[in-house]
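So that the names make sense, note that chain A is the first sequence line, chain B the second, and so on, each numbered from 1.
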Amino acid sequence: RKEVEQDPGPFNVPEGATVAFNCTYSNSASQSFFWYRQDCRKEPKLLMSVYSSGNEDGRFTAQLNRASQYISLLIRDSKLSDSATYLCVVNRGSNYKLTFGKGTLLTVNP
Amino acid sequence: GAGVSQTPSNKVTEKGKYVELRCDPISGHTALYWYRQSLGQGPEFLIYFQGTGAADDSGLPNDRFFAVRPEGSVSTLKIQRTERGDSAMYLCASSLSSVGNEQFFGPGTRLTVL
């Protein structure tokens with residue numbers, strides 16, 4: 001079983017839609033959690049960290065459930081510019097050796 | 001300020017050849033990481049440097065892969081006797097230190113082994 005598993009996707013949604021990505025991790029020792037965004041043929045960039053209390057950044061909301069080892073990302077009112085691959089990322093606490101999921105491709109259509 | 005830079009951006013080589021990939025981290029970042037990303041997959045950790053020393057090289061796939069960071073800044077990933085399976089995007093990242101700081105990724109080097 002892979003350490004980080006994500007929805008396989010791809011997701012195709014119209015502008016303005018709400019879309020949710022799910023991710024599970026297998027190592028209960030994982031301590032830090034992130035969502036990264038990767039545009040086609042570009043490097044990954046940090047979208048947001050994920051905290052147990054849940055956190056929101058504009059149209060983006062991230063949730064963490066440690067008991068279920070489950071992470072989610074919700075995008076509201078999606079824009080064309082949100083089209084990208086979203087990578088679920090965990091690490092075991094020293095903030096090196098990030099472990100990435102395969103990523104979920106999102107395409108927002110006009 | 002300048003981000004992480006990597007050279008070359010693309011490298012095409014023949015099976016069996018030796019290649020070097022270079023990473024220039026953000027100035028002042030003591031931690032440096034190499035990852036490899038195959039098509040349709042997320043990046044996979046290769047090696048982590050804190051300063052000049054390789055603190056964790058557990059992700060290097062075999063002894064054909066080696067990386068150095070002699071002065072604690074620029075790093076070079078070296079691959080000997082390249083194989084077709086080495087073809088991937090090689091990403092470098094740096095962070096201010098290893099603990100609790102965001103890793104900033106460079107644009108990567110796309111390696112193709114024919």
Side-chain angles (χ1 to χ4, degrees), chain A residues 1-11 21-27 29-51 55 57 62 71 73 84-107, chain B residues 3-7 9-10 23-26 29-51 53-60 67 69 75 88-112:
Chain A
R1 182 186 169 189
K2 286 216 165 236
E3 194 165 338
V4 180
E5 300 215 46
Q6 295 186 237
D7 285 331
F11 283 43
F21 301 123
N22 301 312
C23 170
T24 57
Y25 60 96
S26 60
N27 192 323
S30 299
Q31 294 186 22
S32 302
F33 309 90
F34 312 93
W35 285 100
Y36 273 70
R37 171 196 168 124
Q38 187 171 27
D39 292 299
C40 188
R41 295 189 169 271
K42 299 284 190 181
E43 70 273 23
K45 291 185 179 177
L46 179 65
L47 178 65
M48 58 199 302
S49 301
V50 189
Y51 304 113
N55 48 301
D57 183 2
I71 307 162
L73 176 68
T85 295
Y86 290 82
L87 295 156
C88 178
V89 187
V90 307
N91 77 26
R92 290 181 218 173
S94 302
N95 206 41
Y96 69 91
K97 199 186 288 190
L98 298 180
T99 302
F100 289 78
K102 282 180 70 168
T104 303
L105 177 62
L106 170 67
T107 303
Chain B
V4 178
S5 62
Q6 292 187 246
T7 54
S9 54
N10 278 286
C23 172
D24 225 313
I26 293 171
H29 280 195
T30 60
L32 185 146
Y33 318 80
W34 283 98
Y35 293 83
R36 177 167 75 171
Q37 186 173 23
S38 301
L39 205 58
Q41 304 294 319
E44 293 181 326
F45 170 82
L46 295 176
I47 186 169
Y48 152 62
F49 287 90
Q50 181 58 47
D56 183 347
D57 65 358
S58 61
L60 295 178
R69 194 185 185 200
S75 176
M89 176 72 85
Y90 288 81
L91 292 161
C92 175
S94 70
S95 65
L96 203 52
S97 70
S98 67
V99 181
N101 293 113
E102 180 182 349
Q103 293 185 26
F104 294 86
F105 282 81
T109 294
R110 183 167 297 282
L111 175 66
T112 304

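Within the 4.5 angstrom heavy-atom criterion, only side-chain atoms of A:Leu87, from C-beta onward, approach chain B. Using a 4.5 Å cut-off between heavy atoms, A:Gln6 does not touch chain B at all.
No side-chain heavy atom of B:Gln6 sits less than 4.5 Å from a side-chain heavy atom of A:Glu43. In this structure the side chain of A:Trp35 reaches within 4.5 angstrom of the side chain of A:Ile71, judged on heavy atoms.
When each of A:Pro44, A:Ser49, A:Gly103 is checked for heavy-atom pairs under 4.5 Å with chain B, A:Pro44 comes out on top. For chain A, the option among B:Gly106, B:Ala55, B:Ala93, B:Gly108 with the highest count of heavy-atom pairs below 4.5 Å is B:Gly106.
Between A:Phe100 and B:Tyr35, the angle of the ring planes goes over 60°, which puts this pair in the perpendicular group of the 30/60° scheme.
No more than 12 heavy atoms of other residues, nucleotides or ligands sit less than 6.0 Å from atom CD of B:Glu44.
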